[in-house]
Structure formats: C-alpha cells, structure tokens
Amino acid sequence: MPSNSFDHVAATRRIIGALFVTQSLASAAIIANIAVNAIAGARLSGNEALAGLPATLMLAGAALSAYPAGRAMQRFGRRPGLMIGMLLGVAGMAIDGVAVLSHSFLLFLGGLFLVGMARGIIDQSRYAAADAVLPDRRAGAISTVVFAGTIGAVGGPLLVGPLGQFALASGLPELTGPMFGGAVLFAIAALVLFVFLRPDPRWLALRVAAQARPALTAPAAPARSLRVIVRLPLVRAGLISMVLGQVVMVLVMSVTSLHMSHHAHGLDSISLVIGAHTFGMFGLSMFTGRIADRLGRSLTIILGALMLIAGALIAPASLLTPWLALGLFLVGLGWNFCYIAGSSLLADAITPAERGAVQGASDLLVNLGSAAGSLSSGFVLAGFGYLILCLIGALLSLAPLSAALWWGQPARQAAAVAD
C-alpha cells in the first residue's frame with residue numbers, strides 16, 4: 001500500500017501512459033488479425049460462406065468475457081485483470097498461428113474466441129484510466145485510451161505485409177505472420193502492464209473516494225445491486241448512449257463498402273470512405289474528452305447523437321465519394337462522442353465498489369449491440385436497401401438523444417455523482 005507521501009500526479013501519468021501504450025499494442029495486434037482472419041477462415045474451411053464466422057467468434061468471445069472480467073477486476077484490481085486479458089491475447093494469437101500451420105479450422109476458431117475474450121477484457125482499460133484520475137478529468141483520461149485505438153487502426157493494417165514477409169522468409173506460411181506477430185505485441189503489452197501499472201488504478205479510485213467523504217471515519221456506502229444501479233437515470237443515459245451508438249455505427253459501417261461496390265466504386269474510393277470513418281471514430285478522441293469534461297457529459301452525448309443522425313442521413317443521399325466520406329465520418333465521430341461521454345457518465349454515477357460489475361455489464365451490452373448491428377446489416381441491405389438501413393440508424397440515434405435530454409440534465413448529474 002502506498003504511503004501518505006505518495007505522488008498522485010506522477011502515478012496518474014505513469015498509469016495513463018502505460019494504458020495508452022498497451023492499448024495501442026493490443027489494438028494493432030487485433031486489427032492486424034482482423035485484416036486476414038476472413039481470408040484464413042475461407043482457406044482453412046474450404047468454404048467462402050464461412051469467411052464471416054471468425055469475426056462472429058471474436059464478438060462472442062468479447063461479449064462473454066466482459067461481465068466476468070469486470071467483476072474480477074472489482075475484486076482483485078485492474079492490473080491483474082488487464083494482464084490476464086493480454087495473456088489470453090498471446091494464447092489466442094499463438095493458437096491461430098499453429099492452426100494455420102496445421103490447417104485446422106476448428107483450432108483457428110478456438111484461437112479467435114480467445115482473442116475476442118482478450119478484447120472484451122482489454123476494452124475496460126478506459127475504465128482503469130477513469131479510476132486513476134479525479135472526477136473532473138475522467139472523460140479526458142478515457143479519451144486518451146480510446147485515442148490509442150488510432151494507433152491500432154493505422155498500425156495494424158501496416159503491419160500485415162511486413163509480418164507476412166517475415167513469416168515467408170522464415171519458411172512459414174504468410175498468414176502466420178500477423179498471428180505470431182500479434183502474440184509478440186500482446187506479450188510486450190503484458191510486460192508493460194506488469195512493470196508500469198502501479199499502483200493499481202482501483203486503489204487510486206478508492207483513495208479518491210475516501211478523501212471525498214466529508215468525514216474520514218465515515219464508512220463507505222455498501223455496493224448496490226446491479227438491478228438498483230440500472231434504475232439510476234445517469235446509468236441509463238450512459239448505457240443507452242454507448243449501446244445504441246455502437247449499434248448505429250456498426251449497422252451503417254458494416255455494409256457501406258458493399259453498397260459502394262454495388263455502384264462501381266473502386267477499392268481506392270472505398271478505402272477513403274472507411275478511412276474517414278475510422279478517423280472520425282478515433283482521431284479526435286483527445287478533443288472529445290476535453291469537450292465532455294468542460295461542457296458536460298449530457299451535452300456531449302446530445303451532440304454525438306445529432307452527428308449520428310446527420311451522418312446516417314447524408315450517407316445515402318449521394319453516391320459521390322466525398323459525400324459518403326462525410327456521412328461515414330460523422331457516424332464515426334458521433335459514435336466517439338456517445339462512447340466517451342457515456343463511459344464517463346457511467347463512471348460518474350457509481351462508486352468504486354460498484355464499477356467493475358457495472359462496467360463489465362455495460363461492455364457486455366456494447367458487444368452484443370455490435371454483434372446485432374453486424375448480423376442485421378446484411379439482411380436489411382439485401383431486403384430493403386441502403387437508404388432504409390441508414391434511416392433505421394437515424395431513428396435508433398434518437399434513443400441516446402432522448403436519454404441525454406431526459407435523464408442527463410446537468411442538475412441531476414451533479415446530484416447523482418457518487419464520488
């Protein structure tokens with residue numbers, strides 16, 4: 001246990017830095033894997049219809065690991081929980097590499113399931129960052145970790161070619177490069193957490209909460225049940241913002257490339273539009289955190305929902321590449337606002353003793369929402385077209401807008417902050 005002379009500012013910087021580095025490494029490893037897992041799945045199964053199964057297994061793994069990971073971190077701390085996530089990533093990536101070598105589709109799926117579990121755990125790094133800072137800087141800390149996803153979004157695809165060439169030079173199949181390379185990145189991330197994630201962010205959160213109580217002798221309030229917590233207005237607003245923002249983003253993004261290919265767009269145009277979308281999702285995260293801390297979580301969610309609506313209406317309005325890029329950029333940025341502000345709102349509304357379980361449950365719902373958006377997008381596009389799909393996205397975006405207006409008013413927010 002750290003002493004009374006403990007430097008909170010220095011510890012916070014070290015922890016945020018460690019989380020930024022490890023999230024960047026893990027994100028790059030996962031995205032490099034995603035870039036080739038459909039190809040590997042089709043080759044190993046011998047059936048192109050099964051090419052989408054790897055992504056489904058990853059989503060399933062992420063959804064199933066999120067809640068138990070949150071509960072475990074609540075009891076044992078963020079550091080061991082996040083390290084276990086990184087080690088699962090090492091194991092999953094290594095198994096995938098072996099699966100490619102042995103031409104085993106089932107083993108490949110098992111490895112991807114572990115990688116998905118790793119992702120479900122590692123995504124809670126943003127909550128570890130929130131634990132490490134004072135309440136008025138939570139959104140900024142969360143946005144720093146989310147911004148690390150930009151490193152993965154850019155670096156992951158760039159690693160695929162060199163890792164594949166390295167594998168070939170080593171006498172291995174090309175597709176093993178991103179797998180074994182990803183295992184190395186996860187291992188480095190685990191080592192960084194072991195060395196630099198000290199003290200545990202959960203301890204810092206408990207320390208800040210204890211100092212915030214008017215009397216040092218006053219006992220902390222007992223943790224409330226999940227059923228009670230989800231009835232809190234701020235919790236509902238945060239959950240709806242994150243989950244519905246995720247559904248809308250995945251729904252529109254998943255099939256935009258297919259929509260463009262149906263209308264004779266080349267890969268260069270498709271790459272530009274998806275690049276604009278990815279930049280909207282991650283590239284401005286640092287500014288989003290500052291906006292949420294200065295203007296308030298509710299207003300940030302309202303702005304995010306309006307951007308989701310605007311993007312979903314702009315995207316189908318024209319087949320011109322700049323128009324599509326603008327629409328997808330706004331969808332990505334709207335998701336970013338809802339995700340960061342919703343995460344911050346959730347951290348504000350609950351005590352340190354409740355955060356692990358509630359945040360784990362929220363990530364479970366976010367991953368299920370992602371799966372629902374991904375699975376339904378193809379059916380909606382095939383049955384009704386891109387315009388109707390985007391209109392559905394715009395209508396769903398009214399949910400976080402309404403939640404922020406109804407449940408997230410500044411006066412209520414100030415009264416409900418538990419810290």
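Quick caveat, the model's predicted, so the values are computed rather than measured.
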Sequence neighbours excluded, which residues qualify as side chain to side chain contact (heavy atoms under 4.5 Å, CB included) partners of Ser376? Leu251
Donor-acceptor check, side chain of Ser27 to backbone of Ser24, threshold 3.5 angstrom: yes or no? no
Suppose we screen for side chain to side chain contact (heavy atoms under 4.5 Å, CB included). Which residues come up paired with Ser261, at least two apart in sequence or across chains? Leu258, Ile270
Can you give each donor-acceptor pair under 3.5 Å made by side-chain atoms of residues 156-171, sequence neighbours left out, with the distance rounded to 0.1 Å?
from	atom 1	to	atom 2	distance (Å)
Ser170	OG	Phe166	O	2.9

Which pair of heavy atoms, one from Ala189 and one from Met86, lies closest together, and at what distance? CB-SD, 3.6 Å
Residues which pass side chain to side chain contact (heavy atoms under 4.5 Å, CB included) with Phe379, listed by chain and number, not counting sequence neighbours: none
Which residue, Ile340, Leu284, Ile291, forms the side-chain contact (heavy atoms from CB on, under 4.5 Å) with Ser143? Ile340
Under 3.5 Å, side-chain donor or acceptor atoms of residues 88-116 against the rest of the protein: list the pairs with distances, not counting sequence neighbours.
from	atom 1	to	atom 2	distance (Å)
Asp96	OD1	Leu112	N	3.4
Ser102	OG	Val98	O	2.9
Ser102	OG	Ala99	O	3.4
Ser104	OG	Leu107	N	3.2

Going through the distances and angles, do Leu346 and Val358 end up as a side chain to side chain contact (heavy atoms under 4.5 Å, CB included)? CA-CA 8 Å; Leu346 202 63; Val358 177; 4.1 Å; yes
Rounded to the nearest 0.5 angstrom, the CG-CH2 distance for Leu401 and Trp406 is 13.5 Å
Is there a side-chain contact between Ser344 and Ile142 in this structure, where contact means two heavy atoms from C-beta onward sitting under 4.5 Å apart? yes
With sequence neighbours left out, what residues match Arg198 under side chain to side chain contact (heavy atoms under 4.5 Å, CB included)? Arg79, Phe194
Indicate whether the side chain of Tyr386 and that of Thr256 have a donor and an acceptor atom separated by less than 3.5 Å. yes
Got a second to check how far Met73's CE is from Gln359's CD, nearest 0.5 Å? 9.5 Å
Validation row: Leu232, Arg236 side chains within 4.5 angstrom (heavy atoms): no
Return yes if some donor-acceptor pair links the side-chain N/O of Thr176 with the main-chain N/O of Leu172 below 3.5 Å, else return no. no
Pairwise distance CG(Leu391) to CG(Leu313) - rounded to 0.5 angstrom: 6.5 Å
Within-4.5 Å side-chain heavy-atom neighbours: Val331 and Leu308: yes
List the steps and the verdict of side chain to side chain contact (heavy atoms under 4.5 Å, CB included) for Leu389 and Ser377. CA-CA 7 Å; Leu389 180 139; Ser377 59; 4.1 Å; yes
Over all atoms of both residues, closest heavy-atom pair of Ala132 and Ile15: CB-CG2, 3.9 Å
Taking ring-ring contact (aromatic ring centres under 6.0 Å, His included) as the definition, give me every residue that meets it alongside Phe282, ordered by chain and number, with sequence neighbours left out. Trp335
Could you walk me through whether Cys338 and Met242 pass the side chain to side chain contact (heavy atoms under 4.5 Å, CB included) check? CA-CA 6 Å; Cys338 289; Met242 286 189 290; over 6 Å; no
Does Asp293 have any side chain to side chain donor-acceptor pair (under 3.5 Å) partners at least two apart in sequence or in another chain, and if so, which? Arg297
Leu244 to Ala399 - nearest heavy-atom pair and separation: CG-CB, 3.9 Å
How long is the span from the CG atom in Leu324 to the CD1 atom in Ile314, to the nearest 0.5 Å? 10.5 Å
Can you run down the side-chain hydrogen bond (donor to acceptor under 3.5 Å, both in side chains) pairs that involve residues 61-77, sequence neighbours left out, and say none if there aren't any? Tyr67-Arg71
Give me the atom names and distance for the closest heavy-atom approach of Leu82 to Ala128. CD1-CB, 4.1 Å
The ring-ring contact (aromatic ring centres under 6.0 Å, His included) partners of Phe180 (sequence neighbours excluded) come to none
Is a donor on one side and an acceptor on the other found under 3.5 Å between the side chain of Asn367 and the backbone of Asp363? yes
Candidates Arg207, Arg78, Arg138 - the one meeting side chain to side chain donor-acceptor pair (under 3.5 Å) with Asp131: Arg78
Could you tell me whether the side chain of Ser370 and the main chain of Val366 form a donor-acceptor pair under 3.5 Å? no
Do any N or O atoms from the side chain of Glu354 and from the backbone of Thr351 form a donor-acceptor pair under 3.5 angstrom? yes
To check you understand the geometry: which heavy-atom pair defines the closest contact between Gln124 and Ala69, and what is its length? NE2-CB, 4.0 Å
Just wondering, more than 12 heavy atoms not from Phe196 lying within 6.0 Å of its CZ? no
Do Gln23 side-chain atoms and Val146 backbone N/O form a donor-acceptor pair below 3.5 Å? no
To the nearest 0.5 Å, what is the distance between CZ (Phe186) and OG1 (Thr22)? 10.5 Å
Taken in chain and number order and not counting sequence neighbours, the residues that satisfy side chain to side chain donor-acceptor pair (under 3.5 Å) with Asn336 are Ser285, Thr288
For Ser343, side chain to side chain donor-acceptor pair (under 3.5 Å) partners two or more places apart: Arg126
The reported gap from CG in Leu396 to CD1 in Ile309 (rounded to nearest 0.5 angstrom) is 10.5 Å
Non-hydrogen atoms of Ile301 and Ala404 that approach each other most closely: CG2-CB, 3.6 Å
